[in-house]
Amino acid sequence: MVAALRSLQTPYELVIDVVDVDADSDLLAMYDELVPVLVGIRPNGEQVKLCHYYLDEVVVRSFVLLE
């Protein structure tokens, strides 16, 4: 998923932080079976689960354009 996401970086200047879900018990409780998961962060700090397993470019593009 990271490689696919990096392909969107150029037009959108995305910041990508890779987090080890297994290292955080709260994240593990939320996303255990959904890894890899992509979470977007809105300007107000709200986290939004965008997709899991595979990159959904339509959802990511919509999220970025609405921000």
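Because the structure is a prediction, the values reported are computed rather than measured. Count residues from 1 along the sequence.
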List the steps and the verdict of side-chain contact (heavy atoms from CB on, under 4.5 Å) for K49 and L38.
CA-CA 6 Å; K49 183 177 82 65; L38 178 63; over 6 Å; no
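One finds the CZ atom of R42 at 5.5 Å from the CZ atom of F63 (value rounded to the nearest 0.5 Å).
When all heavy atoms are compared, the tightest approach of C51 to D56 is SG-N, 3.5 Å. For the pair Q9 and L14, the tightest heavy-atom approach, listed with the atom from each and the gap, is NE2-O, 3.0 Å. Between L34 and H52, the shortest heavy-atom distance links the atoms O-CB, 3.1 Å. The two atoms that bring L5 and L55 nearest to each other are N-CD2, 3.7 Å, heavy atoms only.
Residues V2 and L8 fall within the same hydrophobic cluster, defined by Ile, Leu, Val, Met, Phe, Trp and Tyr side chains chained together at heavy-atom separations under 4.5 Å. Note on V35 and V18: separate hydrophobic clusters, where clusters join Ile, Leu, Val, Met, Phe, Trp and Tyr whose side-chain heavy atoms are under 4.5 Å apart, directly or indirectly. Under a hydrophobic clustering in which Ile, Leu, Val, Met, Phe, Trp and Tyr are joined whenever their side-chain heavy atoms come within less than 4.5 Å, directly or via other members, V64 and I16 fall into the same cluster. Linking ILVMFWY side-chain heavy atoms closer than 4.5 Å, directly or via other members, places V58 and V37 in two distinct hydrophobic clusters. Hydrophobic clustering (ILVMFWY, side-chain heavy atoms < 4.5 Å, transitive): L50 and L27 are in distinct clusters.
At most 12 heavy atoms of other shown residues, nucleotides or ligands fall within 6.0 angstrom of atom CD in E33.
Side chain of Q47 to backbone of I41: no donor-acceptor contact under 3.5 angstrom is found.
Under the 4.5 Å side-chain criterion, counting only non-hydrogen atoms from C-beta, L28 is in contact with D22.
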